[in-house]
Protein chains: 2
Amino acid sequence: MSESKKRYTIKDIAEQSGVSLSTVSLVLNDNPRISQATRARVLKTIERLGYQPNRMARALAWRHTRTLAVLVPQLRHAFADVYFGEIVSGIYDRASRLGYKILLEVARNEFIESKEYLQLYDQKFIDGIMFIGANSRHRFIAELADGTRPFMLVNNYTKEFDLNYVVSNYRYGGWQAAKHLVRLGHQRIGFISGGVAEIQTSQDILESFKEVLDESGIAYDPKLIVDGWLTEEGGMKAAEELLRQNPDVTAIFALNDKMALGAMKKMNELGLRVPQDVAVVGFDDIPQASFAIPGLTTIHQPLYEIGKLACERMVELIHGKVSRVQEVIPIYLTVRESCGARLKEAAAAKTE
Amino acid sequence: MSESKKRYTIKDIAEQSGVSLSTVSLVLNDNPRISQATRARVLKTIERLGYQPNRMARALAWRHTRTLAVLVPQLRHAFADVYFGEIVSGIYDRASRLGYKILLEVARNEFIESKEYLQLYDQKFIDGIMFIGANSRHRFIAELADGTRPFMLVNNYTKEFDLNYVVSNYRYGGWQAAKHLVRLGHQRIGFISGGVAEIQTSQDILESFKEVLDESGIAYDPKLIVDGWLTEEGGMKAAEELLRQNPDVTAIFALNDKMALGAMKKMNELGLRVPQDVAVVGFDDIPQASFAIPGLTTIHQPLYEIGKLACERMVELIHGKVSRVQEVIPIYLTVRESCGARLKEAAAAKTE
DNA sequence: CCGCTTTATCAAAGCGATTTAACTATGGGA
DNA sequence: TCCCATAGTTAAATCGCTTTGATAAAGCGG
């Protein structure tokens, strides 16, 4: 065990440099009132002793911490989810570039009941919270709507409260996905929904689906909407029910990739071929989407980028450079094999 | 915008309760020297005013922060990986139970070069670091081996330095997987490796594989070992090469599930059936393993539990309750369909 | 009623920084 | 030569809480 080297304080630096304590502090904070000469001298002893300012002391004096909390809902194991993972990666990268640290938090009951979401601010532990995956059951966010405490919804929004957010254009995404199926000639399209009751963005996708039906003159049939609980297993069950009750279905639009993948698995079991018998389109473009057999046609969400952007805005919010952020990011369809569009193209090419 | 309520300090509480500042602090810290009566009185005004002690001020006085850093290597998008996700979930849950906060860090070049891993301690920003996914190229961990700063490897270890760790028994896991294939009668077993040069636990699996061959009297054939880079795509390529060069291979042991799944995908493409033509066994038991078709037989790693345990030990380390932690967790085979063991059982049952 | 414990409370000195008002040279203009 | 503005540095107050040694009050046996 090495001798535990003494930790230096600003006082040591002051003494060793032959200046006052405050001078050192001013150097540390790049204050222009310090001459280049003393500045250099102080910097040198800082370097020599390997001095590191105590972050807690600074935070205390500054009254902010340069730390952001990233809040995720309590799913089975929240952090294990690629969706969150991508966004968090984006947030992290931008945050560290800006000199911010990331604190992890999960919106468990305990977190909500003990009002941790306020405590974190009030204990001066963080400068802001970024909430990924909020839904309408998270009533507590109402308490963060007054703008007193920097708060933001990431890839999500709500019509109920006036909150800050950065979100994909789910409506446009949903519209593209549905339109893609309709263009390929599908008329009986099953829709695997999930979280529609509590997630605004889920609602948006469903609505855009209906919109496409409407503008295409296809009758909306509630029997074709089945809930898949946003999970793979749910997607399997939903597909089974959908196909059993409506054998005439030729395409399925799942509100997220997990369910789409589940549906594909079920069809495989049932001996149905994708896309020949049933076309499938998903939403999110998670890594497995491209890896599936056949590759899943889906709406690509630039989650990493969204995380970065949201973080950038959050810091601006904290610094008071902006007072509101409500940004909508465009997203686009990624065509793979699960809808047969490529097959058609190939066929078309052949007949030419 | 609501009126920004004044933040109370310990001084306000003292005045409002008619006691001294120190008394309030003693109450806050459950010091038995305070009588029940005053204690109750102080607690009441704390409650009434909704007072929250400033965490930075406490950290400054305490000289520790009750914050743990979780460090992950720089993969493409580190947090998007289920492997890390599960472990982080475990760490988070245990940490918050123990009153600790989790800070996220990525071992990027910048992080290493600027010696952030030391700064975090020296700036008194965290009490300890838990490193998930270290490998032998992370030379900097040598600087954390002196025990001066609480540090721990999670589900990983190294023979080079004397570090703290909590790790699965990879050798035993690998042994079981290989043994399973041999018991099912396989003699020509392909091994898809990955990270063997830099990851100790990868080496362990490979070695245990060789050990099984050895004790089973099967000749070790280097041609049957192919690198799959630990990724799905790599697994596909490895499987292709393996099967092309060695058509007599009847089973594949992949060092992780991602590669096993990739191999299965490739075999599907090649028209080979799993398990009838080639049996496959993986390692890790990621969610997709059970979801694959056929279900992947694999070694189950209780990642969430490992995270919890590691966190628990880390806190003990910080409190000086232990001075070294080097724990090895047993792990077991989970039999699904990819090796055909169930088929055999069923067949055996029929002939009875 | 007197010393002696025991118990409860408080004053004061930190923890390690920031920040502002005040002070000291220095140099230029009148 | 005197005055004043300017630049550079510092003293002192602050941030909000912990902790220890001192003090006061209360309890107790004789």
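Quick caveat: nothing in here was measured; it's all calculated off a predicted structure. The chains referred to below are lettered A, B, ... by the order of the sequence lines, with proteins before strands, and numbering in each begins at 1. Atom set for the values below is all heavy atoms of this structure, side chains included, hydrogens, waters and symmetry mates excluded.
Within residues 19-30 of chain A, the residues having any heavy atom closer than 4.0 Å to DNA chain D are, in order of number, A/Val19, A/Ser20, A/Ser22, A/Thr23, A/Leu26. Annotation: proximity of residues 32-47 of chain B to DNA chain C (heavy atom, distance under 4.0 Å) is found for B/Arg33, B/Ile34, B/Ser35, B/Thr38, numbered in ascending order.
In the 5' to 3' direction, nucleotides of DNA chain C lying under 4.0 Å from heavy atoms of chain B begin and end at C/dA8 to C/dG16. Taking a heavy-atom distance under 4.0 Å as the criterion, the stretch of DNA chain D touched by chain A extends 5' to 3' from D/dG8 to D/dG16.
Separation of atoms CD1 (B/Ile129) and CE (B/Met314) is listed at 7.5 Å; rounding is to 0.5 Å. With rounding to the nearest 0.5 angstrom, the CG atom of B/Leu71 is 9.5 Å from the CD1 atom of B/Ile126. Considering CZ of B/Arg97 and NZ of B/Lys308, their distance stands at 6.5 Å, rounded to 0.5 Å.
If B/Gln52 and A/Gly18 are placed on DNA chain D by their nearest nucleotide, the residue sitting closer to the 5' end is A/Gly18.
Under the 3.5 Å distance criterion, with hydrogens and angles disregarded, no donor-acceptor pair is assigned to the side chains of B/Thr65 and A/Arg55. No side-chain N or O of A/Glu105 forms a donor-acceptor pair with one of A/Tyr117 less than 3.5 Å apart. No side-chain donor from either of A/Asn164 and A/Arg313 sits under 3.5 Å from a side-chain acceptor of the other. A side-chain N or O of A/Asn155 and one of A/Tyr83 form a donor-acceptor pair less than 3.5 Å apart. B/Tyr304 and B/Asp93 share a donor-acceptor pair across their side chains, judged by distance under 3.5 Å alone. Judged purely by distance below 3.5 Å, without hydrogens or angles, the side chains of A/Ser35 and A/Thr38 pair a donor atom with an acceptor atom.
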- [ ] Output, in order, the C-alpha distance, side-chain angles, deciding distance and verdict of side-chain contact (heavy atoms from CB on, under 4.5 Å) for B/Tyr165 and B/Val325.
- [x] CA-CA 6 Å; B/Tyr165 58 78; B/Val325 1; over 6 Å; no
Task: Verdict with supporting geometry, B/Arg139 and B/Glu160, salt bridge (charged side-chain N to carboxylate O under 4.0 Å, His left out) - done: CA-CA 10 Å; B/Arg139 309 302 306 176; B/Glu160 279 190 275; 3.1 Å; yes
Open item on the list: Under the criterion salt bridge (charged side-chain N to carboxylate O under 4.0 Å, His left out), I'd like the reasoning laid out for B/Lys101 against A/Glu116: C-alpha separation, chi angles, the key distance, then a yes or no.
Closed with: CA-CA 12 Å; B/Lys101 296 288 179 192; A/Glu116 270 278 312; 2.9 Å; yes
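Overall bending of the helix from C/dC1-D/dG30 to C/dA30-D/dT1, expressed as the angle between end axes built from five pairs apiece, is 60° (10° steps).
Within the 4.0 angstrom heavy-atom criterion, no nucleotide atom of any strand lies near A/Arg55.
For the side-chain contact (heavy atoms from CB on, under 4.5 Å) test, residues two or more places apart in sequence or in another chain that qualify with B/Arg137 are B/Asn135, B/Glu198.
B/His64 and B/Trp62 have parallel rings, their planes meeting at less than 30° on a 0 to 90° scale where 60° marks the start of perpendicular.
Closest of all the heavy-atom pairs between A/Arg108 and B/Ser96 is NH2-OG, 3.2 Å.
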